[in-house]
Amino acid sequence: MGFRENLKEELSYQDIKVKELAEMTGISKHTLDHYLATNGSQPQVEPAVKIARALRISVEELVFGKENAENDSKDISGVVSELEKLSESDFLFVKRLIHILYRAKK
């Protein structure tokens, strides 16, 4: 999938409307609609970074898709993006789990 499809999928997954994304990024709704159009263009680096940050995903996920971004087993930005989506209690659980795993390796 390309940028357009990945952006559509992520907006749907996170239940975010284009108007909301425009407010979150400072990118006009018209410009975002153009990125989402069938014959639309891909954004330059700066708008792509703004969009990725607003969606709390990596630019790689946005451009290449989650499957390709997840091929890197040490994809720290992808892990951070997923952690940021967790509730506070789930985040604390994962944090404790990491500490347990770290201590077990010593």
Side-chain angles (χ1 to χ4, degrees):
M1 289 194 301
F3 176 86
R4 179 178 65 86
E5 294 86 3
N6 295 329
L7 178 55
K8 280 185 177 183
E9 184 177 290
E10 196 62 37
L11 288 172
S12 174
Y13 175 74
Q14 293 191 32
D15 194 28
I16 296 175
K17 306 291 183 243
V18 176
K19 182 179 178 182
E20 294 171 308
L21 183 61
E23 292 169 4
M24 295 163 66
T25 61
I27 299 170
S28 74
K29 181 181 180 304
H30 174 76
T31 299
L32 292 171
D33 284 335
H34 183 70
Y35 296 151
L36 292 165
T38 303
N39 58 351
S41 63
Q42 289 193 14
Q44 296 294 320
V45 173
E46 187 177 332
V49 170
K50 286 181 180 181
I51 293 167
R53 284 184 178 159
L55 297 175
R56 294 176 292 170
I57 62 173
S58 70
V59 176
E60 292 83 7
E61 286 180 63
L62 191 56
V63 174
F64 300 113
K66 289 186 179 188
E67 298 80 27
N68 292 327
E70 291 173 356
N71 286 338
D72 182 2
S73 63
K74 294 279 186 177
D75 178 22
I76 300 300
S77 63
V79 172
V80 171
S81 294
E82 293 301 315
L83 287 171
E84 289 174 339
K85 295 175 188 175
L86 294 176
S87 67
E88 183 69 23
S89 62
D90 287 345
F91 176 81
L92 292 173
F93 173 78
V94 171
K95 186 176 175 182
R96 278 180 270 170
L97 183 60
I98 291 169
H99 287 286
I100 291 168
L101 291 171
Y102 179 75
R103 281 188 241 140
K105 295 263 183 187
K106 286 185 171 184

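Because the structure is a prediction, the values reported are computed rather than measured.
- Glu20 meets the side-chain contact (heavy atoms from CB on, under 4.5 Å) test with Ile16, Lys17; sequence neighbours excluded.
- Phe3 is connected to Met24 through a chain of hydrophobic side-chain contacts under 4.5 Å among Ile, Leu, Val, Met, Phe, Trp and Tyr, so both are in one cluster.
- Residues Ile100 and Ile98 do not share a hydrophobic cluster, defined by chaining ILVMFWY side chains whose heavy atoms lie under 4.5 Å apart.
- Inter-residue side-chain proximity for Val45 and Val59 is flagged as unmet; no heavy-atom pair is nearer than 4.5 Å.
- You'll find the side chain of Ile51 reaches within 4.5 Å of the side chain of Leu32, heavy atoms only.
- Residues Leu36 and Lys8 have side chains in contact (heavy-atom distance under 4.5 Å, counting atoms from C-beta outward).
- Each side-chain hydrogen bond (donor to acceptor under 3.5 Å, both in side chains) pair with one or both residues in residues 88-101, not counting sequence neighbours, appears once here: Ser87-Ser89, Ser87-Asp90.
- Once rounded to the nearest 0.5 Å, the distance linking CG of Leu86 with CG of Leu92 reads 10.0 Å.
- Among residues two or more places apart in sequence or in another chain, the side chain to side chain donor-acceptor pair (under 3.5 Å) test is passed with Gln42 by none.
- In this structure, CG in Leu62 is found 13.0 Å from CZ in Arg53, a value given to the nearest 0.5 Å.
- Taking OH from Tyr35 and CD1 from Ile27, the interatomic distance works out to 5.5 Å, rounded to the nearest 0.5 Å.
- Taking a cutoff of 4.0 Å between a charged side-chain nitrogen and a carboxylate oxygen, Lys85 and Glu10 qualify as a salt bridge.
- Counting only heavy atoms from C-beta outward, the side chains of Leu55 and Leu11 approach each other to under 4.5 Å.
- With sequence neighbours excluded, the residues that form a side-chain contact (heavy atoms from CB on, under 4.5 Å) with Lys29 are Val18, Lys19, Ala22, Asp33.
- In this structure, Glu84 places its CD atom where more than 12 heavy-atom neighbours from other residues, nucleotides or ligands lie under 6.0 Å away.
- Contacts of Gln44 classified as side-chain contact (heavy atoms from CB on, under 4.5 Å), with partners at least two apart in sequence or in another chain: Pro47.
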